[in-house]
Undergrad: 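Quick one: the structure is below, and I'll ask about it shortly.
A note on names: the letters A, B, ... follow the listed sequences, proteins ahead of strands, and every chain is numbered from 1.
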Protein chains: 2
Amino acid sequence: MLKISKKADYALMALQHIAAAQFGDMMPGRVVNTKEIAEEYNIPLELLAKVLQTLAKNALIESHNGPKGGYVLARRAHQITIAQILESIEGPLGITDCSHEKDGEFCMQREHCNIRTPLLKVQDSIAQLLNNMTLQDMMGGTPLITIQSPTAQGVER
Amino acid sequence: MLKISKKADYALMALQHIAAAQFGDMMPGRVVNTKEIAEEYNIPLELLAKVLQTLAKNALIESHNGPKGGYVLARRAHQITIAQILESIEGPLGITDCSHEKDGEFCMQREHCNIRTPLLKVQDSIAQLLNNMTLQDMMGGTPLITIQSPTAQGVER
DNA sequence: TGTTAGTCCGACCTTATTGATCGGAGATCA
DNA sequence: TGATCTCCGATCAATAAGGTCGGACTAACA
Ligand code: FES
Ligand code: FES
């Protein structure tokens with residue numbers, strides 16, 4: 001119910017990892033490749049590759065080809081919102097399939113629909129929530145330090 | 001992306017209609033049957049029936065069998081939350097598939113997962129939003145009155 | 001400079017979820 | 001009692017997601 005796809009899940013993990021490698025290590029512009037992420041989180045390699053391709057196409061990360069190649073974050077972590085990531089993978093956010101009426105074709109129920117307005121309000125709230133949360137917020141709240149605390153360190157903010 | 005299923009959509013429409021018929025007409029305990037709703041909103045009849053069955057099983061509405069039978073709201077409109085409706089149709093709310101770890105089986109990524117905590121926070125926010133919105137709130141905001149005739153005229157057959 | 005190894009990239013197939021459908025059981029009113 | 005109208009459970013088809021394959025490119029190295 002209201003579940004985001006696994007591909008989006010992988011995208012979030014990968015981006016978090018790339019961001020951590022980029023700002024947490026000593027090397028500032030460190031390039032991280034697909035295999036490293038896939039092995040770290042037990043993600044099917046080829047599937048993760050596909051996800052990263054999509055992310056690169058949407059200008060969230062930059063791809064460097066050849067040996068020692070890989071991906072680098074295209075912007076700073078606090079400039080990337082969760083909404084941007086999810087929309088890159090799964091298309092525009094729409095809580096119901098008739099949210100975005102495409103070129104003159106509305107759903108059958110549109111005429112007598114009684115739930116459109118309140119549902120759009122719910123959708124707006126969710127969109128706002130996702131837009132206000134950045135990748136940096138997701139990294140344990142602490143900006144540059146790598147997390148890695150075994151205890152359930154709260155992410156209160 | 002984050003789209004709720006069509007069945008849940010139908011459930012919301014049907015419940016709104018039942019509530020309107022129950023409190024908007026002169027008859028307080030009016031029974032409304034499946035066919036009436038299906039024709040009003042152009043919903044496939046049998047599918048809507050299935051949805052209503054599920055709703056009845058979850059004690060959101062009561063079913064009255066036989067001729068002149070149909071469904072009646074089990075509680076007052078302001079006692080039914082959107083979250084209850086959605087969860088009745090689509091199961092418990094989980095933004096990711098590993099939200100509810102079922103009996104000892106966690107996902108492969110659990111060990112090194114870096115996005116679990118923030119995602120649970122997002123899920124909590126959405127759940128709270130849906131729990132605070134009742135069926136009555138969805139009916140134009142105005143409490144019990146305001147359901148005038150547009151529905152009643154279409155129901156005549 | 002030629003080779004080679006390692007990377008990204010696009011198209012394809014398989015599986016799971018949702019959407020929709022069918023016939024039967026039970027209950028009420030005439 | 002009888003017929004009719006309703007709800008109910010099991011079944012089938014369409015769609016989207018998850019996963020997989022081989023090809024194209026780039027950059028480092030000998
Ligand atoms: S379901 Fe499409 S407008 Fe309400
Ligand atoms: S994906 Fe399952 S715990 Fe993070």
Side-chain angles (χ1 to χ4, degrees), chain A residues 1-11 13-14 18 30-39 41-72 74 86 88-92 94 96-98 107-109, chain B residues 1-11 13-14 18 30-39 41-72 74 86 89-92 94 96-98 107-109 157:
Chain A
M1 174 56 213
L2 270 183
K3 154 172 56 178
I4 73 179
S5 78
K6 232 165 193 176
K7 278 192 278 191
D9 235 36
Y10 295 156
M13 286 192 226
I18 293 177
R30 174 162 169 247
V31 179
V32 49
N33 62 357
T34 306
K35 190 178 178 186
E36 173 183 328
I37 303 178
E39 290 186 350
Y41 301 101
N42 292 314
I43 301 176
L45 178 69
E46 307 297 340
L47 180 55
L48 176 62
K50 190 168 143 61
V51 168
L52 291 178
Q53 288 163 28
T54 307
L55 254 52
K57 192 177 302 178
N58 285 81
L60 285 173
I61 54 178
E62 288 180 1
S63 71
H64 289 275
N65 217 334
K68 289 182 59 184
Y71 291 99
V72 181
L86 295 184
S88 293
I89 299 296
E90 304 241 338
T96 175
D97 47 356
C98 67
C107 65
M108 223 67 79
Q109 295 85 18
Chain B
M1 174 57 214
L2 271 182
K3 156 172 55 179
I4 72 178
S5 78
K6 234 166 192 175
K7 279 192 276 192
D9 234 36
Y10 295 156
M13 285 191 224
I18 293 177
R30 173 159 170 251
V31 179
V32 48
N33 63 359
T34 306
K35 189 178 177 185
E36 173 183 326
I37 303 178
E39 291 187 349
Y41 300 102
N42 293 312
I43 302 175
L45 179 68
E46 307 297 340
L47 180 55
L48 176 63
K50 190 166 147 60
V51 169
L52 291 178
Q53 290 162 28
T54 307
L55 254 53
K57 192 177 299 176
N58 285 81
L60 284 173
I61 53 179
E62 289 179 0
S63 72
H64 289 276
N65 217 332
K68 286 185 60 183
Y71 291 99
V72 180
L86 294 184
I89 300 295
E90 303 240 340
T96 175
D97 47 356
C98 69
C107 66
M108 221 68 77
Q109 295 84 20
R157 59 161 287 105

Undergrad: State which of dG19(D), dC22(C), dC9(C) makes the closest approach to the side chain of L47(A).
TA: dG19(D)
Undergrad: In whole angstrom, what separates K3(B)'s NZ from dG19(C)'s P?
TA: 8 Å
Undergrad: In whole Å, what is the span from the CD1 atom of I89(A) to the C1' atom of dG18(D)?
TA: 13 Å
Undergrad: Rounded to the nearest Å, what distance is computed from the CG atom of residue L48(A) to the P atom of nucleotide dT7(C)?
TA: 13 Å
Undergrad: Starting at atom NE2 of H64(B), determine the distance to atom C1' of dT6(D), rounded to an integer number of angstrom.
TA: 12 Å
Undergrad: Starting at CD1 of I89(B), measure out to CG of L55(B) and round the result to the nearest 0.5 Å.
TA: 4.5 Å
Undergrad: Would you indicate what K57(B) reaches in the nucleic acid, counting non-hydrogen atoms under 4.0 angstrom: base, sugar-phosphate, or nothing?
TA: sugar-phosphate
Undergrad: Expressed as a whole number of angstroms, how long is the span from L45(B):CG to dC8(D):P?
TA: 14 Å
Undergrad: Please report the interatomic distance NZ(K7(A)) to CD1(I43(A)), rounded to the nearest 0.5 Å.
TA: 13.5 Å
Undergrad: Pick the nucleotide of DNA chain C nearest each of G66(A) and G66(B); which residue has the one closer to the 5' end?
TA: G66(A)
Undergrad: Any salt bridge linking K57(B) with E62(B)? Criterion: basic side-chain nitrogen under 4.0 Å from a carboxylate oxygen.
TA: no
Undergrad: If each of Y71(A) and K50(B) is mapped to the nucleotide of DNA chain C with the nearest heavy atom, which maps nearer the 5' terminus, i.e. the 5' end?
TA: Y71(A)
Undergrad: If you check every side-chain atom of Q53(A), which of dC21(D), dG6(C), dG10(C) has the closest atom?
TA: dG10(C)
Undergrad: With a 4.0 Å limit, can you tell me whether S63(B) has a side-chain N or O closer than that to the phosphate oxygens OP1/OP2 of dT6(D)?
TA: no
Undergrad: Specify the separation, in whole Å, of atom CG of D9(B) and atom P of dA20(C).
TA: 11 Å
Undergrad: Does dT7(C) have OP1 or OP2 sitting under 4.0 Å from an N or O in the side chain of N33(A)?
TA: yes
Undergrad: Atom CD of E46(B) and atom C1' of dT18(C): how far apart are they, to the nearest Å?
TA: 17 Å
Undergrad: Would you say T34(B) reaches dT6(D)'s phosphate, i.e. side-chain N/O to OP1/OP2 under 4.0 Å?
TA: no
Undergrad: Rounded off to whole Å, could you give me the CG-to-P distance for the N65(B) and dC8(D) pair?
TA: 7 Å
Undergrad: Less than 4.5 Å apart, any side-chain heavy atom of T34(B) and any of Y71(B)?
TA: yes
Undergrad: For residues I37(B) and M13(B), determine if any side-chain heavy atom of one lies less than 4.5 Å from a side-chain heavy atom of the other.
TA: no
Undergrad: From C-beta outward on K6(A), which listed nucleotide comes closest to its side chain: dC9(C), dG18(D), dT20(D)?
TA: dG18(D)
